[in-house]
Trainee: 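Below you will find the structure I want to go over with you.
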2 protein chains.
Amino acid sequence: MAAMDIANHLRRHKKSLTRARAEIWHILTQSEKPLSPDEIHRRLTGHKVDLATVYRNLRALKDIGLVREIDLREAFKRYEAILPGQHVHHIMCQVCGRIEKVRHCVVQNMANAIQKESGFTLKDHSLECFGICPSCQPHKTKAQGT
Amino acid sequence: MAAMDIANHLRRHKKSLTRARAEIWHILTQSEKPLSPDEIHRRLTGHKVDLATVYRNLRALKDIGLVREIDLREAFKRYEAILPGQHVHHIMCQVCGRIEKVRHCVVQNMANAIQKESGFTLKDHSLECFGICPSCQPHKTKAQGT
DNA sequence: GCTTAACTTGCAAACGATTTGCATTTTTGT
DNA sequence: ACAAAAATGCAAATCGTTTGCAAGTTAAGC
């Protein structure tokens with residue numbers, strides 16, 4: 001989604017391009033990982049924006065397909081900008097919490113199999129991975145606690 | 001996990017096999033779809049069990065690997081018994097909410113690719129699908145609202 | 001079976017993320 | 001610039017989930 005298009009996209013859905021909206025969108029497009037509403041709120045630098053407004057805008061952006069909501073088994077949801085031609089999943093380190101993108105998506109390959117098995121028409125899916133990042137790999141020379 | 005084993009499994013983790021625990025486990029193993037804490041609570045028929053106890057037990061069972069927590073983009077989490085040799089995902093109908101199992105898991109096939117791409121050691125993943133079930137398929141002969 | 005320590009429960013209160021009501025301000029289309 | 005529509009700040013409300021604590025239940029050894 002080119003920056004210019006967001007205004008049109010919003011207009012098509014009878015939504016205004018407000019200062020808060022633009023700033024939130026900018027923050028999301030700049031971030032390399034999905035952010036929580038609170039993180040986004042803390043990154044807002046311009047005029048004061050209420051946290052409730054952040055929530056309202058995230059929902060609005062999600063509803064019109066500009067933003068994706070992600071559940072990484074935390075107490076809150078994370079949000080990320082949906083960029084054109086980009087199908088991304090995530091992997092989070094169970095030790096340090098680091099979050100990385102996974103561009104490899106097998107779900108598309110198995111879509112037919114899933115549709116055949118379930119009889120459903122597949123519209124969307126969530127795929128989040130959890131593991132241990134390179135920096136947190138246990139050393140083989142030293143015992144690790146559980 | 002055979003019904004008999006649950007007691008041992010609990011004991012190994014210094015947990016008691018209480019009446020509430022047994023009943024919750026039974027409800028979960030009988031259900032063909034993951035249940036919310038509230039649904040489980042409402043299905044408890046024996047002596048009175050507090051909702052807080054249901055939550056505490058679901059967490060305990062999850063912590064020792066007997067139960068899996070599932071996020072289907074609802075306001076709450078769902079829980080299901082982890083049965084031996086069963087790797088299951090789910091697909092939920094975006095129209096009627098019906099939930100079915102998907103035994104086809106491609107993630108295992110792509111595990112190597114994901115590990116290679118991210119450098120992470122893959123430990124776990126969430127894969128939930130959303131679509132439209134057979135009964136809710138739009139009819140081609142009649143227009144459908146959005 | 002009895003006893004005690006450990007674990008669990010009910011109850012009510014607390015929490016934390018998210019939502020909402022409403023009066024006011026900003027944005028939009030003309 | 002204007003009126004109508006949409007968005008915002010603020011505070012209060014929601015709602016799923018968690019927690020403190022006193023009382024009840026279960027486990028393990030005798």
Trainee: Which letters describe nucleotides 25-30 of chain C, given B = protein heavy atom under 4.0 Å from base, S = only from sugar-phosphate, - = neither?
Mentor: --SSS-
Trainee: Please list, pair by pair, any protein nitrogen or oxygen found under 3.5 Å from a nitrogen or oxygen in nucleotides 20-24 of chain D.
Mentor:
{"residue": "D:dG20", "atom": "O6", "partner": "B:R56", "partner atom": "NH1", "Å": "3.2"}

Trainee: Partners of B:Q94 by side-chain hydrogen bond (donor to acceptor under 3.5 Å, both in side chains), sequence neighbours excluded?
Mentor: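 Scan of B:Q94 (side-chain hydrogen bond (donor to acceptor under 3.5 Å, both in side chains), adjacent residues dropped) gives none.
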Trainee: Of all the choices, D:dT8, C:dT18, D:dT17, which nucleotide is nearest to the side chain of A:A20 once you look at every atom?
Mentor: D:dT8
Trainee: Tell me: CZ of A:F76 to P of D:dT18, nearest whole Å?
Mentor: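 Atom CZ in A:F76 sits about 15 Å away from atom P in D:dT18.
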Trainee: Is there a side-chain polar atom (N or O) of B:R59 under 4.0 Å from OP1 or OP2 of D:dT19?
Mentor: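 For D:dT19, OP1/OP2 do have a side-chain N/O of B:R59 under 4.0 Å.
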Trainee: Look at all strands and tell whether A:D38 reaches a base, only sugar-phosphate, or nothing, counting heavy atoms closer than 4.0 Å.
Mentor: nothing
Trainee: Does B:L51 or B:K14 map to a spot on DNA chain C nearer the 5' end, using the closest nucleotide for each?
Mentor: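 Mapping each residue to its closest nucleotide by heavy atoms, the 5'-most match is B:K14.
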Trainee: For a quick test of reading the model: is some side-chain N or O of B:Y55 closer than 4.0 Å to OP1 or OP2 of D:dT18?
Mentor: no
Trainee: Using only atom types and a distance under 3.5 Å, with no angle test, would you say the side chain of A:T29 pairs donor to acceptor with the backbone of A:H26?
Mentor: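 Pair found, side chain donor or acceptor close to backbone of A:H26.
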Trainee: For residues B:I91 and A:Q115, determine if any side-chain heavy atom of one lies less than 4.5 Å from a side-chain heavy atom of the other.
Mentor: no
Trainee: A:R56: which residues meet the side-chain hydrogen bond (donor to acceptor under 3.5 Å, both in side chains) condition with it, sequence neighbours left out?
Mentor: none
Trainee: Give every residue pair that meets the salt bridge (Lys or Arg N to Asp or Glu O under 4.0 Å) criterion with at least one member in residues 79-91 of chain B, sequence neighbours excluded.
Mentor: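 Applying salt bridge (Lys or Arg N to Asp or Glu O under 4.0 Å) to every pair that reaches into residues 79-91 of chain B, excluding sequence neighbours, yields B:R68-B:E80.
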Trainee: Taking the side chain as every heavy atom from C-beta outward, state whether A:K101 and A:P34 have any pair of such atoms under 4.5 Å apart.
Mentor: no
Trainee: Quickly work out the B:L10 CG to D:dT25 P distance and round it to whole Å.
Mentor: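 Answer to the nearest Å: 19 Å.
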Trainee: A:N57 has an atom CG; how far is it from atom P of C:dT19, in whole Å?
Mentor: 12 Å
Trainee: Rounded off to whole Å, could you give me the CG-to-C1' distance for the B:L72 and D:dG16 pair?
Mentor: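 Atom CG in B:L72 sits about 16 Å away from atom C1' in D:dG16.
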Trainee: For DNA chain D, which residues in residues 40-50 of chain A have a heavy atom at a distance below 4.0 Å?
Mentor: A:K48, A:V49, A:D50
Trainee: Restricting to side-chain hydrogen bond (donor to acceptor under 3.5 Å, both in side chains), what partner residues turn up for A:E117, sequence neighbours left out?
Mentor: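 Listed in chain order: nothing, the list is empty.
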Trainee: Can you tell me the distance, in whole Å, between the CG atom of B:L58 and the P atom of C:dT9?
Mentor: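 To the nearest whole Å, that distance equals 11 Å.
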Trainee: If I take atom CZ in residue A:R12 and atom P in nucleotide D:dA6, what distance separates them, rounded to the nearest angstrom?
Mentor: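 Checked: the CZ to P distance equals 17 Å.
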Trainee: Which other residues end up in the same hydrophobic cluster as A:V88, if Ile, Leu, Val, Met, Phe, Trp and Tyr are linked when side-chain heavy atoms come under 4.5 Å apart?
Mentor: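 Hydrophobic cluster check, A:V88: no partners found.
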Trainee: Go through the structure and list residues passing side-chain hydrogen bond (donor to acceptor under 3.5 Å, both in side chains) with B:K62, not counting sequence neighbours.
Mentor: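 Per chain and number, B:K62 pairs via side-chain hydrogen bond (donor to acceptor under 3.5 Å, both in side chains) with B:E69.
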Trainee: Separation of B:D63 atom CG from D:dT18 atom C1', in whole Å?
Mentor: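 Value for this atom pair: 13 Å.
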Trainee: With A:T45, which residues qualify under side chain to side chain contact (heavy atoms under 4.5 Å, CB included), at least two apart?
Mentor: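 Side chain to side chain contact (heavy atoms under 4.5 Å, CB included) list for A:T45, sorted by chain: A:E23.
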Trainee: Please name all residues satisfying ring pair (Phe, Tyr, Trp, His ring centres under 6.0 Å) with A:H87, sequence neighbours left out, ordered by chain then number.
Mentor: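 So A:H87 forms a ring pair (Phe, Tyr, Trp, His ring centres under 6.0 Å) with A:H89, A:H125.
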Trainee: Measure the distance from CD on B:E39 to P on D:dG16 and round it to the nearest whole Å.
Mentor: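 Result: 12 Å.
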Trainee: Could you list who else is in B:I99's hydrophobic cluster, with ILVMFWY side chains joined at under 4.5 Å, directly or through other members?
Mentor: B:I70, B:L72, B:M92, B:F130
